[in-house]
K.L.:
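One structure follows; several queries about it will come next.
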Amino acid sequence: MNNHLLFILCTITAAVFVSGCSKKIMQSKKNVVTYADKYIDLHLHLDGAITPEIAKKLAAVQKIELPAEDDEQLEKLLTVPEDCTSLNDFLKCFALPDSLMMTKEGMSEAVYLVAENIKSQGVIYAEIRFAPQLHTEKGMTQEEAVLAALEGLKRTDLKANLILCCMRGDGNEAANYETVELAKKYLVEDGGVTGIDLAGAEAIYPTSDYSELFAKAKAHGIPFTIHAGEADGAESVRCAIEYGAVRIGHGVRINEDKSVEELVKNKGIYLEMCPTSNRQTHAVEDMSDYPLIDYLNQGIKVTLNTDDMAIEGTTLAEEYRYMERMFGLTPEQEKIMLANAIDAAFTSENVKNELRKELGIENA
């Protein structure tokens with residue numbers, strides 16, 4: 001497997017477990033009591049948020065011919081099919097958006113357009129994450145990719161920040177350390193790069209392999225979240241916490257080890273949970289057992305997010321409606337999750353206080 005295909009594989013969290021993608025669940029607001037109509041998304045992958053409309057705009061700006069004859073065909077290229085039965089089907093959805101973000105112009109425009117799109121959906125704060133090393137195929141450097149993303153971020157008035165992803169994989173150690181150094185160089189409290197992440201094929205490349213990388217990040221004072229407890233089990237989460245992660249990407253499988261569950265609760269670790277993603281990647285096989293409500297009831301600091309919203313065919317509003325309809329999520333629980341998201345955000349206290357005021361949440 002060449003490195004590019006491996007890196008694409010790594011952007012699909014838990015993809016190693018994908019053997020089929022269950023049919024999308026249509027959301028309904030009927031008979032639902034809701035608190036949330038404004039949202040915070042802490043776990044949003046840039047390449048997973050390229051909708052057909054955004055793809056067309058990126059192609060036009062860069063004079064790239066899209067491999068689709070009409071909108072219907074384009075949507076099929078960018079969205080998980082309802083009858084998805086293989087990993088290859090899932091991987092196909094990332095090839096096109098990646099190809100549209102290999103230049104400075106494409107990267108800047110992508111960040112701007114994604115920010116504007118989610119703002120129109122009610123998102124009032126977001127952290128958009130991407131792996132700079134995945135955007136260097138046509139000669140753009142990691143640093144140029146970061147600078148282009150920062151340029152795009154400045155063009156939107158959405159409150160938003162960037163998380164730079166390191167990638168699990170073989171032969172990319174130097175690229176990962178470069179990403180950490182770039183995060184250090186461009187780290188700000190708000191309005192730019194505010195943290196890093198480790199994404200990719202967790203079950204193939206375990207979290208335990210990355211101790212030196214995160215020791216370096218910790219020494220630099222870079223806040224970080226780590227994808228864990230999704231494709232791999234609870235022990236991956238324990239490892240991430242030992243490294244110093246204050247947030248866990250997904251963490252849905254912590255209930256496989258009660259000691260890890262207690263660790264997450266007692267240390268006040270925030271979980272970035274993404275239900276539709278977990279359903280489609282089969283991180284959770286039976287969604288009737290989805291543990292979000294159970295975690296909330298235990299006092300675990302849960303947040304609700306999208307992951308790869310365009311590829312999954314969802315929005316953050318739909319994630320909330322899904323939780324309401326399927327699991328009886330209450331307005332009070334929604335308020336708790338939004339408060340958790342504000343507390344967990346890699347942003348300044350001033351921005352956090354602005355978000356609390358806008359959402360009617362008292363400052364803890």
K.L.:
Return the orientation label for the Tyr290 and Phe327 ring planes: parallel under 30°, perpendicular over 60°, tilted otherwise.
P.N.:
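Rings of Tyr290 and Phe327: tilted, 30 to 60°.
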
K.L.:
Just how far is it from atom OG of Ser348 to atom CD of Glu189, taken to the nearest 0.5 Å?
P.N.:
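If we round to the nearest 0.5 Å, Ser348:OG and Glu189:CD are 5.0 Å apart.
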
K.L.:
Give a yes or no on whether the backbone of Met273 and the side-chain of Asn278 come within a donor-acceptor separation of less than 3.5 Å.
P.N.:
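Pair absent, no side-chain N/O of Asn278 close to backbone of Met273.
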
K.L.:
Side-chain contact, heavy-atom cut-off 4.5 Å: Glu354 with Lys357?
P.N.:
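The answer is no; the side chains never approach within 4.5 Å.
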
K.L.:
Mind checking the OG1-OH spacing from Thr347 to Tyr125? Nearest 0.5 Å is all I need.
P.N.:
4.0 Å

K.L.:
Can you find a heavy atom in the side chain of Glu202 that is under 4.5 Å from one in the side chain of Glu230?
P.N.:
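Sidechains of Glu230 and Glu202: in contact.
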
K.L.:
When rounded to the nearest 0.5 angstrom, what distance separates CD1 in Ile248 from OG1 in Thr225?
P.N.:
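With rounding to 0.5 Å, CD1 (Ile248) is 6.0 Å from OG1 (Thr225).
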
K.L.:
Taking 4.0 angstrom as the limit, do Glu109 and Arg155 come out as a salt bridge?
P.N.:
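Yes.
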
K.L.:
I'd like to know if Glu235 and Arg238 make a salt bridge, using a cut-off of under 4.0 Å between side-chain N and carboxylate O.
P.N.:
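Salt bridge between Glu235 and Arg238, a charged N being under 4.0 Å from a carboxylate O: yes.
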
K.L.:
Can a donor-acceptor pair be found between the side chains of Ser108 and Glu151 at a distance below 3.5 Å?
P.N.:
yes

K.L.:
Please answer whether the main-chain N or O of Arg247 pairs with a side-chain N or O of Glu272 as donor and acceptor at a distance below 3.5 Å.
P.N.:
no

K.L.:
Answer yes or no: is there a side-chain heavy-atom contact under 4.5 Å between Leu58 and Ile50?
P.N.:
yes

K.L.:
According to side chain to side chain donor-acceptor pair (under 3.5 Å), who are the partners of Glu173, at least two apart in sequence or on a separate chain?
P.N.:
none

K.L.:
Is it true that a side-chain atom of Glu127 and a backbone atom of Leu162 form a donor plus acceptor pair closer than 3.5 Å?
P.N.:
no

K.L.:
Rounded to the nearest 0.5 Å, how far apart are OH of Tyr39 and CE of Met337?
P.N.:
10.5 Å

K.L.:
Is Glu312 paired with Arg279 through a side-chain N to carboxylate O contact shorter than 4.0 Å?
P.N.:
no

K.L.:
If the threshold is 4.0 Å, N to carboxylate O, is there a salt bridge linking Lys76 and Asp70?
P.N.:
no

K.L.:
Judged by atom type as modelled, is there a donor-acceptor pair below 3.5 Å linking the side chain of His250 to the main-chain atoms of His227?
P.N.:
no

K.L.:
Tyr243: which residues meet the side chain to side chain donor-acceptor pair (under 3.5 Å) condition with it, sequence neighbours left out?
P.N.:
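Listed in chain order: nothing, the list is empty.
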
K.L.:
Taking 4.0 angstrom as the limit, do Lys38 and Glu358 come out as a salt bridge?
P.N.:
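The answer is yes: the pair qualifies as a salt bridge.
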
K.L.:
Within the distance-only criterion (no hydrogens, no angle test), does the side chain of Asp307 pair as donor or acceptor with the backbone N or O of His43 below 3.5 angstrom?
P.N.:
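Flag not set: sc Asp307 to bb His43 has no pair under 3.5 Å.
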
K.L.:
If I take atom CG from residue Leu164 and atom CG from residue Asn176, how far apart are they, to the nearest 0.5 angstrom?
P.N.:
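Reported value, rounded in 0.5 Å steps: 11.5 Å.
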
K.L.:
Are Lys335 and Leu338 side-chain neighbours, meaning at least one heavy-atom pair lies under 4.5 Å?
P.N.:
no

K.L.:
Taking Arg129 as the fixed residue, which of Asp308, Asp41, Asp197, Asp47 is the one that meets the salt bridge (charged side-chain N to carboxylate O under 4.0 Å, His left out) rule?
P.N.:
Asp197

K.L.:
Run the side chain to side chain donor-acceptor pair (under 3.5 Å) test against Thr156 and tell me which residues pass, sequence neighbours left out.
P.N.:
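Applying side chain to side chain donor-acceptor pair (under 3.5 Å) to Thr156 gives Glu116.
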
K.L.:
State whether the side chain of His135 and the backbone N or O of Met101 hold a donor-acceptor pair below 3.5 Å, judged by distance alone.
P.N.:
yes

K.L.:
Using side chain to side chain contact (heavy atoms under 4.5 Å, CB included) as the criterion, point out the one residue from Val252, Leu292, Val264, Thr303 that pairs with Leu271.
P.N.:
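For Leu271, the side chain to side chain contact (heavy atoms under 4.5 Å, CB included) check succeeds only for Val264.
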
K.L.:
Under 3.5 Å, is there a donor-acceptor pair linking the side chains of Thr276 and Glu319?
P.N.:
yes

K.L.:
Is it true that a side-chain atom of Arg168 and a backbone atom of Tyr205 form a donor plus acceptor pair closer than 3.5 Å?
P.N.:
yes

K.L.:
Looking only at non-hydrogen atoms, find the nearest pair between Gln133 and Asn172 and report the distance.
P.N.:
OE1-ND2, 3.1 Å

K.L.:
Is it the case that the side chain of Gln333 and the backbone of Thr330 share a donor-acceptor pair, with hydrogens and angles ignored and the cut-off at 3.5 Å?
P.N.:
yes

K.L.:
Taking the side chain as every heavy atom from C-beta outward, state whether Lys267 and Ile241 have any pair of such atoms under 4.5 Å apart.
P.N.:
yes

K.L.:
Taking only Lys NZ, Arg NE, NH1 and NH2, and the carboxylate oxygens of Asp or Glu, determine whether Glu324 and Arg321 approach each other closer than 4.0 Å.
P.N.:
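Salt bridge flag = yes for Arg321 with Glu324.
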
K.L.:
Should Cys274 and Thr306 count as side-chain neighbours, where that means a heavy-atom distance under 4.5 Å?
P.N.:
no

K.L.:
Identify whether the distance between the nearest side-chain nitrogen and carboxylate oxygen of Lys56 and Asp71 falls below 4.0 Å.
P.N.:
yes

K.L.:
Using modelled atom types only, decide if a donor and an acceptor are shared between the side chain of Thr194 and the backbone of Asp190 within a distance under 3.5 Å.
P.N.:
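Such a contact is absent between Thr194 side chain and Asp190 backbone.
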
K.L.:
Is the backbone of Lys265 close enough, under 3.5 Å, to the side chain of Lys301 for a donor and an acceptor to pair up by distance?
P.N.:
no

K.L.:
State the CD-CG distance between Glu53 and Leu78, to the nearest 0.5 angstrom.
P.N.:
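If I round to the nearest 0.5 Å, the distance is 11.0 Å.
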
K.L.:
I'd like to check Phe214 versus Glu242 (side-chain heavy atoms, cut-off strictly below 4.5 Å). Are they in contact?
P.N.:
no

